[in-house]
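Heads up: the structure comes next, in structure tokens.
By convention in this document, chain letters (A, B, ...) are assigned in the order of the sequence lines, proteins followed by strands, and residues within each chain are numbered from 1. Predicted, not measured: the structure shown is a model, and the values here were computed from it.
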Number of protein chains: 2
Amino acid sequence: MTETKTDPRILRTRKLIMDSFIELSSKKEFKDITIKDITTEAMINRATFYYHFEDIYDLLDKALSEVLFVNLSCQDFANSKMNEDTLVTIFKAITDFQMSLSNRCHRGYEDTIARIIREQLEVIFYKMLGNQQPNLDKEALKLPAAMLSWGLYGASVEWRNNPTTSPEEFIKVAIPYIQGGVNENNIKNIN
Amino acid sequence: MTETKTDPRILRTRKLIMDSFIELSSKKEFKDITIKDITTEAMINRATFYYHFEDIYDLLDKALSEVLFVNLSCQDFANSKMNEDTLVTIFKAITDFQMSLSNRCHRGYEDTIARIIREQLEVIFYKMLGNQQPNLDKEALKLPAAMLSWGLYGASVEWRNNPTTSPEEFIKVAIPYIQGGVNENNIKNIN
DNA sequence: TCAAATGTGTTGGATATACGACAAATCCAA
DNA sequence: TTGGATTTGTCGTATATCCAACACATTTGA
């Protein structure tokens, strides 16, 4: 809608920084990566880093959000309906993302990563619910979106701790517990 | 020596433009490539193109020079001696370069490309001769460097028209004709 | 042939990035 | 523990890039 195109210099520089960060993450642990490392790898000035990010934790946030967002957006969930297939695909994206992270070195930042994943999920669910029920008050969608995101993330934690089946099978069993609470009628009641 | 490091923004932008140009060259003929095409592909502003290049022919010059220079520099000829091995390797680099160009579409610009190759050769030979005979007047090296470059380029034309043997074999036979005229003693006599 | 569309080259003002410097914080070896 | 070395954030100034607009040239299609 209000697509205000951003300066290409900003897009380029953000990508340079994030790509360098991801590249370095495959070689070092997060705690050993300095901002100087990143800017040297990206061939940009250190001051420019601070033009885009507050500090290295801010970068971690935004870089991981970006990666997860790209993973989730390749099917444009924000414009699709909420049903079993959608939830299965999103769940698969989350577990894929977490497995790709376990190959990189972010030990000690598991809870940060958890928060990032859940926040992204909340954004996606909020948009999906908004598309599905455009005549509802947007405020009323925040609570169900949050609960859905917590629920699905919690399921991913369960699966990681005890991966008895494939992610797809695993979440199909769990969907009734999640979805039961947030169908259309319930949201209307909340409102 | 006087290595004044250039602004990283300039290096980045030049690379973006040249890479986009080379990419487009593999899809279209040169005459069909517009500056707008290039800047769109490179995601840079069209005005920025003119900050770096006079026009599209200037870009053709510099892009091809750059590619050939990279090909030739991987062995740092400028710091090595002039002997049979060196000449063979350089000749191979030229024929490789020409064959890579024939896959791209630069029909009608063969003589421009010829000039670019020869000029690069002249630069390389000038440096090599300078290293080999540092006590000679630099001016005296210009003529032999030019003659060597014309000679080797001419040999590449001959080979392309009639590739009876491999480039390596071909140039080994021709080297006596080229090198005979520009050995150390002859340069001193010219001087 | 003409008119519309597209590409070229240039300009002025706005903005992002580079660079060097700085004090403060953190790291690390002696 | 100390002291040097590295990293972090921040700043002011210089410069590269963006953007919109312009006149002009070239291409295209009816």
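- Side-chain contact, A/D37 with A/T34: a donor N or O sits under 3.5 Å from an acceptor N or O.
- Contact check on A/K27 versus A/E23 returns a salt bridge, with a Lys/Arg side-chain nitrogen under 4.0 Å from an Asp/Glu carboxylate oxygen.
- The interatomic distance linking A/L16 (CG) with C/dA16 (C1') rounds to 13 Å, in whole Å.
- A stem is defined here as three or more consecutive Watson-Crick or G-U pairs, each with both distances under 3.5 Å; for DNA chain C these stems are C:1-30 with D:1-30.
- Atom-to-atom, CZ of A/F53 to C1' of C/dA16 comes out at 14 Å; the value is rounded to the nearest Å.
- Nearest heavy atoms, B/I33 versus B/K28: CG1-CB, 4.0 Å.
- Between B/R12 and A/M43, the shortest heavy-atom distance links the atoms NH1-O, 2.8 Å.
- Looking only at side-chain heavy atoms (C-beta outward), A/F30 and A/F21 come within less than 4.5 Å of each other.
- Side-chain N/O atoms of B/T39 and B/R46 include no donor and acceptor closer than 3.5 Å.
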Protein-nucleotides 12-17 of chain D N/O pairs closer than 3.5 Å?
unit_1	atom_1	unit_2	atom_2	d
D/dT15	O2	B/R9	NH1	2.8
D/dT15	O2	B/R9	NH2	3.4
D/dA16	OP2	B/Y51	OH	2.2
D/dA16	O5'	B/Y51	OH	3.1
D/dA16	O4'	B/R9	NE	3.4
D/dA16	O4'	B/R9	NH1	3.1
D/dA16	O4'	B/R9	NH2	3.4
D/dT17	OP1	B/R9	O	2.6
D/dT17	OP1	B/T13	OG1	2.2
D/dT17	OP2	B/H52	NE2	2.6
D/dT17	O3'	A/R12	NH2	3.2
D/dT17	O2	A/R9	NH1	2.7

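- For the pair A/M43 CE and C/dA18 P, the computed distance is 10 Å after rounding to whole Å.
- Between the CG atom in B/L16 and the OG1 atom in B/T48 there is a gap of 10.5 Å [rounded to 0.5 Å].
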Quick test: give all pairs of protein nitrogen or oxygen and nucleotides 7-9 of chain C nitrogen or oxygen below 3.5 Å, distance rounded to 0.1 Å.
unit_1	atom_1	unit_2	atom_2	d
C/dT8	OP1	B/I35	N	3.2
C/dT8	OP2	B/I35	N	3.3
C/dT8	OP2	B/K36	N	3.3
C/dG9	OP2	B/Y50	OH	3.2
C/dG9	N7	B/R46	NH1	2.9
C/dG9	O6	B/R46	NH2	3.0

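- Heavy atoms only, all atoms of each residue included: B/A145 and B/L129 are closest at N-CD1, 3.9 Å.
- A salt bridge between A/E168 and A/K172 is absent, with no side-chain N of the basic residue lying under 4.0 Å from a carboxylate O of the acidic one.
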Hey, mind stepping through B/L11 and B/K15 against side-chain contact (heavy atoms from CB on, under 4.5 Å) and telling me if it holds?
CA-CA 6 Å; B/L11 297 177; B/K15 180 162 169 47; over 6 Å; no
